[in-house]
Amino acid sequence: MSTTEAPEQAPEQPPGKKKFTFPNALTVLAVVTIAVWLLAFLIPSGQYDRNGDGAPVEGTYHRVGSGQSFVDRLNDLFLSPVNGLYGIQDPKTSLVSPDNSGDLYGSAGVFLFVLAIGAFITVVFATGALDRGIGRLAHRLRDRGALLIAGVMVVFSVLGTVEGFAEETLGFYGLIVPLMLALGYDRMTAVGAIILGAGIGVLCSTVNPFATGVASSAADISLGDGIALRFVMWIVLTAVTVLYVVRYAKRVQKNPDRSLSGFLPGDKDRDKAASDAAEVPELSGLHKAVLVGTALVFAFMIFSVVPWSSALTGDADATPYGWELDWSFPQLAALFLVAAVLVGIVARMGEQKLSSTIIQGAADFVSPALVILLARGVTVIMNNSKITDTVLHAIEGVVKGTSSGIFAIIVFVVNLPLAFLIPSTSGHATLAMPILAPLADFAGVSRAVVVTAWQAASGWMNLWVPTTAVTIGGVALAKVGYDKYLRFVWPLLAILFLLICAFVALGAAFT
């Protein structure tokens with residue numbers, strides 16, 4: 001049995017009253033699809049002239065007719081999820097339809113990539129290697145409190161920045177809460193170490209496929225573009241967050257009355273907690289092999305997507321080196337499918353278990369994959385009704401004349417409310433990037449900076465908004481009040497807000 005107590009049951013609602021729950025991301029995007037379809041009847045159609053790369057040319061916007069009948073528009077609404085998956089864009093008319101000949105407009109590549117990485121992550125967790133590895137780390141550092149907090153947070157942050165490690169943290173409260181109590185800290189320390197550790201990694205995603213990957217695809221850039229800025233940002237913001245939690249933990253250890261969460265009956269029975277926390281199995285050779293293999297897979301992914309010639313020379317148009325792979329989502333999807341099979345073989349899972357685990361992993365990630373194609377379907381409706389450029393032109397008027405640094409900060413701030421309304425990182429990226437990325441061209445800023453500003457906004461909001469299972473589920477498992485968590489985290493949120501603005505502004509200025 002887990003050492004974490006079950007969350008207290010919520011008080012019964014008065015008869016006739018139901019507790020409000022925020023809609024699922026799929027529901028939100030279904031509503032957005034219908035709303036955009038209706039708005040397309042009211043928003044004037046228009047378009048920009050395009051350059052040789054297909055990017056809009058600033059100052060060339062002009063009104064045009066959509067050329068669509070009501071039946072055509074109704075058909076676009078009906079086929080929007082299909083177009084979002086494998087719609088083809090006609091090079092002459094720019095219209096998207098599954099029956100066209102031309103370039104793929106839908107998100108089939110990203111869709112399959114999400115399913116593939118879901119299969120890989122599920123196979124890794126099925127081996128028990130990752131859970132036991134983190135457990136062993138916590139066990140080894142159990143007598144060095146500050147180092148334990150820092151170690152756990154850095155590991156979670158690394159996992160967050162490379163693969164979007166978030167909901168998976170919910171399984172670690174049973175280990176981390178007793179350890180923190182045993183060291184003289186409180187439950188809030190455990191909450192901070194887990195939520196903020198993983199959360200800051202996701203905020204500063206370097207190659208996280210569900211944030212950076214999806215956004216880069218929607219912005220029509222490489223996953224590796226902008227990785228240097230994101231890497232430096234990850235180091236600085238992770239260090240600041242770790243110091244913030246360690247400082248609070250030491251303050252509580254010195255004076256328990258300063259705890260923001262307080263202590264529950266039995267919390268100060270630290271000898272029992274320490275005894276329970278000591279029962280952590282050793283890492284087997286198989287577990288070590290799986291952990292090393294997992295690290296190598298993600299390291300190879302980073303190597304395969306980084307535009308090394310541009311990164312090392314500083315020239316965006318530099319000729320690629322002969323050893324650069326320049327991989328994109330089709331190759332990455334294949335990589336993670338093969339890696340899932342190899343991990344299963346190394347772990348001696350057997351054909352039946354490995355097959356069922358891969359299928360289950362892909363099934364578990366169908367939801368974010370569906371969110372991506374629904375969001376892409378919305379952009380198809382906007383494209384076919386020719387209102388995308390009209391919306392872009394309206395925003396162009398707002399940011400026109402601003403410096404590159406101010407533009408990057410505006411992109412960050414504008415995405416904060418969008419991140420609240422669309423808590424799905426993948427859906428938010430797919431929906432927003434077709435509008436935001438061309439704005440970067442007008443401002444003379446790299447599209448990678450827009451991706452960084454967007455994911456920072458999404459990650460910053462997800463550190464505290466009550467619409468995420470990571471936050472609400474975490475405080476419930478740790479038995480800490482959500483209001484107390486907000487009181488704990490708001491000074492850090494203010495610090496991170498200022499640091500993010502500085503980083504995206506500097507990134508824009510240097511590009």
Gln89 and Ser94: side chain donor to acceptor below 3.5 Å: no
Does the Ser222 side chain pair with the main chain of Val305, one donor and one acceptor, at a distance under 3.5 Å? yes
Looking at Asn384 and Val96, would you say the former's side chain and the latter's main chain have a donor-acceptor pair under 3.5 Å? yes
Determine whether a donor-acceptor pair (N or O, by modelled atom type, separation under 3.5 Å) exists between the side chain of Ser157 and the backbone of Met153. no
Relative to each other, are the rings of Trp308 and Trp323 parallel, tilted or perpendicular (30° and 60° limits)? tilted
Please check this pair: side chain of Asn415 against backbone of Val411, looking for a donor-acceptor N/O pair closer than 3.5 Å. yes
For Glu282, run the salt bridge (Lys or Arg N to Asp or Glu O under 4.0 Å) check against Arg132, Lys288, Arg136 and tell me which one passes. Arg136
Answer yes or no: is there a donor N or O on one side and an acceptor on the other, between the side chain of Trp327 and the main chain of Met301, under 3.5 Å? no
Hey, is the main chain of Gly84 close enough, under 3.5 Å, to the side chain of Ser107 for a donor-acceptor pair? yes
Please check if the side chain of Thr161 supplies one atom and the backbone of Val158 the other of a donor-acceptor pair under 3.5 Å. no
Taken to the nearest 0.5 Å, the spacing of Asn100 CG from Thr93 OG1 works out to 6.0 Å
Working to the nearest 0.5 angstrom, can you tell me the gap between Ile372 CD1 and Leu431 CG? 12.5 Å
Heavy atoms of other groups near Phe300 CZ, more than 12 under 6.0 Å: yes
Side-chain donor/acceptor of Ser217 to backbone N/O of Gly213, under 3.5 Å: no
Hydrogens and angles aside, do His428 and Thr425 bring a side-chain donor and acceptor to less than 3.5 Å of each other? no
